[in-house]
Amino acid sequence: MSTTSPSAAGAPSSGADQTNAAIRRLVDAQTTDEAWPSEEYEMLLVEWAAAMNETPEPAP
């Protein structure tokens, strides 16, 4: 497993942080009795990947 930062610009964007939090909530809400919400999970992963590739705006 890599320990390098996933973003060449440094820390992940707030969009990536927000999507990561949504993924964690989805995973934490699941029980072994429920069907896995694969479509929702896949959409969140796509959003997270897009947010990780965003270039942060330079500070004024």
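Throughout, residue positions are numbered sequentially from 1 according to the sequence presented. Predicted model, so just to flag it, every value in this text is computed and none were measured.
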_For Gln30 versus Pro37, what's the shortest heavy-atom pair and its separation?_
OE1-CD, 3.3 Å
*Is it possible for you to say whether Leu26 and Met52 belong to one hydrophobic cluster, with membership spreading through side-chain heavy-atom contacts below 4.5 Å?*
yes
_Hydrophobic cluster membership, Val46 vs Ile23, 4.5 Å side-chain cutoff_ = no
_Looking at every non-hydrogen atom in both residues, tell me the closest pair between Gly15 and Ala51 and how far apart they are._
C-CB, 3.7 Å
_Hydrophobic cluster identity match, Trp48 and Val27, side-chain contacts under 4.5 Å_ = yes
*asked:* Show every ring-ring contact (aromatic ring centres under 6.0 Å, His included) that has at least one partner inside residues 16-38, sequence neighbours left out.
replied: Trp36-Tyr41
*Above 12 or not: heavy atoms from other molecules or residues under 6.0 Å from CD of Glu34?*
yes
